[in-house]
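For reference, the structure discussed in these notes is given below.
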Number of protein chains: 2
Amino acid sequence: VIADVSPTLPLTGTRFRVSYLVAATASEAEARVRSIALEQTVEFPEDLLPDGWLRAEMPGRIESLAPAGAEPGWYRAEISFPEEAAGGDLLQFLNVLFGNASLQPGLRVIDFELPTRLSRGPRFGVAGLRSRLGVAGRPLSATALKPMGLPVAELALQAYQTALGGIDIIKDDHGLADQTLSPFQLRVERCAEAVAAANRETGRRSIYAPNITGDPREVFERAKFARDAGAGAVLVAPGLAGFGALRALADDPSFGLPILAHPALTGSFVSAGAGGIDPGLFYGTIMRIAGADVSIFPHAGGRFSFSHATCAAIAEHCSRSQDGVLPAFPSPAGGMSVARVPELKSFYGDDFVALIGGALHREASTLVEASRRFVAALAGEPV
Amino acid sequence: VIADVSPTLPLTGTRFRVSYLVAATASEAEARVRSIALEQTVEFPEDLLPDGWLRAEMPGRIESLAPAGAEPGWYRAEISFPEEAAGGDLLQFLNVLFGNASLQPGLRVIDFELPTRLSRGPRFGVAGLRSRLGVAGRPLSATALKPMGLPVAELALQAYQTALGGIDIIKDDHGLADQTLSPFQLRVERCAEAVAAANRETGRRSIYAPNITGDPREVFERAKFARDAGAGAVLVAPGLAGFGALRALADDPSFGLPILAHPALTGSFVSAGAGGIDPGLFYGTIMRIAGADVSIFPHAGGRFSFSHATCAAIAEHCSRSQDGVLPAFPSPAGGMSVARVPELKSFYGDDFVALIGGALHREASTLVEASRRFVAALAGEPV
């Protein structure tokens, strides 16, 4: 038996709440929620916890529990956790939120309050990115350099043409890593030069966003290289590089570029049967508190299967008012086209990044003209 | 239209195969698999691909497609990808395997061949870890220091007691990060000292494995600190830190410690409705090729819901013969007890790491005695 070992340190005395949907019968619901509250914190038999602060405050605490509306067999539970469980660490916050709990069926994270020490978001956000690009009053435009396998000179030519056509953000396709066919450093130098050359002609401030996704050392080496080579933003897939990579880059004053988050390998989080994490919360709030200035996700009616309701929830989470956390741009993608721009505008308003990838090559006989049409459509001009 | 831009570089000429289960009707199955093959590589309209190598070899290629046994509405498809798509990069391999595809419903990764350049696994593996611990002929024993919120002195006392009782691997609970109540550096120093002190008494070689999960900079700083402080292994949760963190640590000759992989936040990968990644493949092969010497997962009949078949598949994947990839230890956990050791031994044989966490505190009146009973049970001695 562990004796009372109440901490002698100053404690915050504050707790943050997480809301879950929990599959359970009426008779087992409270016990199940209680077991989740323990699992996500002390992970210890409750009766063996020492007396004092640790037993009273360290475990998750059930703040509310009630049937979840019209869904029979599901309960909505709010569990509060002491700020001491997460510390100031985004990864440990995600761990408390859903670490071991992700291994349980019938459990979905649907909302949370952010611990005080984690109340920060993207470095630039909507206003900051608009200011860097010099674009107001219309959605931003973005495209992706592709297909994988093209030599660097061809990718750089695409970067030049799309920037000349006025596209704001020209990103690497998320499948461009450091393969021999388009090695990272050469690609970044050439594409950044190409966008700069186009900007000199147009007088605009289009930016190139290379994919810097990599292991813990690579992601920082690539970030530094990209910044020094003149990239105006970077693309990171946190499902591959980890959410800590985004947060660390956004927190690093010596880096100082906007970050686009790509959803590669994250789909299972939001499609885990009836479990997982709410997609609005995941692609909106979690990407934003991880430091994404732009969160890319598949728009309804493209090559993927997100519903309009899901996309609306993501956009709402990207702009929801939250102390200390700037709004981020939602970036609907995955099979978009110029013809769908009016629909996207009426759905998302002005504060989104429209992303057309491979399909841009279909929009006109040249990529420059296709890009012009795309940007004109976003500005509400006749195409 | 992009002209033929076939690469002038030497190409590997080799492809690796990935097997998927795909939900589809008979009439749409081939088109769906074809779209996945494009999505995971060129992500580009097929008719706009340039002629030559890029059109012929870069996209995924359907190698086989047939109804998936008894499951109506499901097809088993093998898609091959050129090694050039993944390069030598584990993260890009995972991206090709399931990056954007994770966002599609009704798609499950069930097997793959590893690209030649990625045919490496843990640094130590089963034989190497046994050799470091000096333990042959029985499963290894492991426990976790907990509960979260205990001061460092108490955690170190647990480390001492469990090592004195003969437990081989004493790891941090995965919820111990760098919170104020047990700061990382102080905890690692004290717990490593405690295990060393116990080893001096027992003559054994028990090891302490601190949790070094963190953002890209922290994970390497913590790894180095842990090694210098005398830790004998480390614990990393790749669902939080990213799979690249494991691989980079396993590849780093200046680090040189065994790695335990914790499954926090990975549950959605294997429970994504009918999609996601096969759990044997995920907790067995993927953890192993990421560099885990030990892969922790919830055993059937504990606090989680993995089936016996799933656990058997994970163990099989951990030991499956694969060129250049050492076998790893499966480590069933999540609500185990000494009473279940015989069952675990008959299920997993000798090459597994039995992990009893909080429940160890129930096994005897002292933690030293509880640890002795645990190890005795693993050795097949009467408890």
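Model, not experiment: these values are computed from the prediction. By convention in this document, chain letters (A, B, ...) are assigned in the order of the sequence lines, proteins followed by strands, and residues within each chain are numbered from 1.
- Between chain A and the residues B/S268, B/G87, B/G358, the most heavy-atom pairs under 4.5 angstrom are made by B/S268.
- Only the side chain of A/L54 comes within less than 4.5 Å of a heavy atom of chain B; its backbone N, CA, C and O stay farther away.
- If you measure heavy-atom distances from A/Q158 to chain B, the contacts under 4.5 Å come from the side chain alone.
- For A/F243, the part lying under 4.5 angstrom from a heavy atom of chain B is the backbone only.
- Contacts between A/A153 and chain B at a heavy-atom distance below 4.5 Å are absent for every atom of the residue.
- A 4.5 Å side-chain heavy-atom check between A/L181 and B/L9 finds at least one atom pair inside the cut-off.
- Annotation: maximal heavy-atom pairing with chain B below 4.5 Å, among A/G214, A/S35, A/P263, A/P147, occurs at A/P147.
- Here the CD atom belonging to A/E218 is positioned 7.5 Å from the CG atom belonging to B/L91, to the nearest 0.5 angstrom.
- Looking at A/D173, the atoms closer than 4.5 Å to chain B (heavy atoms on both sides) all sit in the side chain, from C-beta outward.
- Only the side chain of A/V219 comes within contact range of chain B, with at least one heavy atom under 4.5 Å from a heavy atom of that chain.
- Side-chain atoms of B/L48 and A/R362, non-hydrogen and from C-beta on, do get closer than 4.5 Å to each other.
- Looking at A/P298, the atoms closer than 4.5 Å to chain B (heavy atoms on both sides) all sit in the side chain, from C-beta outward.
- Annotation: the span from A/N211 atom CG to B/N95 atom CG amounts to 8.0 Å, rounded to 0.5 Å.
- For chain A, the option among B/G175, B/G149, B/A272 with the highest count of heavy-atom pairs below 4.5 Å is B/A272.
- For a residue to count as touching a neighbouring chain, one of its non-hydrogen atoms must lie under 4.5 Å from one of that chain's; by this rule B/Y283 touches chain A with the side chain only.
- Among B/A241, B/G99, B/P82, B/G334, the residue with the largest count of heavy-atom pairs under 4.5 Å with chain A is B/G99.
- Chain B forms the most heavy-atom pairs under 4.5 Å with one residue out of A/L265, A/V96, A/D215, and that residue is A/L265.
- When B/D47, B/L97, B/L176 are compared by the number of non-hydrogen pairs under 4.5 Å with chain A, B/D47 comes out ahead.
- Heavy-atom distances place both the backbone and the side chain of A/E43 under 4.5 Å from chain B.
- In this structure, the side chain of A/Q179 engages the main chain of B/A85 through a donor-acceptor pair within 3.5 Å.
- Contacts of A/D89 with chain B are made by side-chain atoms alone, with heavy-atom separations under 4.5 Å and no backbone atom involved.
- The greatest number of non-hydrogen atom pairs below 4.5 Å with chain A, out of B/A248, B/A274, B/G275, is found for B/A248.
- Taking 4.5 Å as the limit, some side-chain heavy atom of B/N100 sits within range of a side-chain heavy atom of A/H174.
- For the atom pair CG (A/L103) and OG (B/S305), the distance works out to 8.0 Å, reported to the nearest 0.5 Å.
- When heavy atoms are compared at a cutoff of 4.5 Å, A/D4 does not approach chain B at all.
- Heavy atoms of B/L49 lying under 4.5 Å from chain A belong exclusively to its side chain.
- Neither the backbone nor the side chain of A/L38 comes within contact range of chain B; no heavy atom of the residue lies under 4.5 Å from a heavy atom of that chain.
- Using a 4.5 Å cut-off between heavy atoms, B/L11 contacts chain A through its side chain alone, with no backbone atom that close.
- Only the side chain of A/F306 comes within less than 4.5 Å of a heavy atom of chain B; its backbone N, CA, C and O stay farther away.
- Using a 4.5 Å cut-off on side-chain heavy atoms (C-beta onward), A/F44 and B/H361 make contact.
- The residues B/R217 and A/D251 are annotated as not salt-bridged, no charged nitrogen and carboxylate oxygen being separated by less than 4.0 angstrom.
- Residue A/L150 touches chain B through both its backbone and its side chain, counting heavy-atom pairs closer than 4.5 Å.
- Chosen from B/P105, B/P45, B/G276, B/P10, the residue pairing most often with chain A at heavy-atom distances under 4.5 Å is B/P45.
- Residue with the most contacts toward chain B among A/G244, A/A86, A/S102: A/S102 (heavy-atom pairs, distance under 4.5 Å).
- For A/E84, the parts lying near chain B are the backbone and the side chain together; criterion is any non-hydrogen pair under 4.5 Å.
- Heavy-atom distances place the side chain of B/D252, and not its backbone, under 4.5 Å from chain A.
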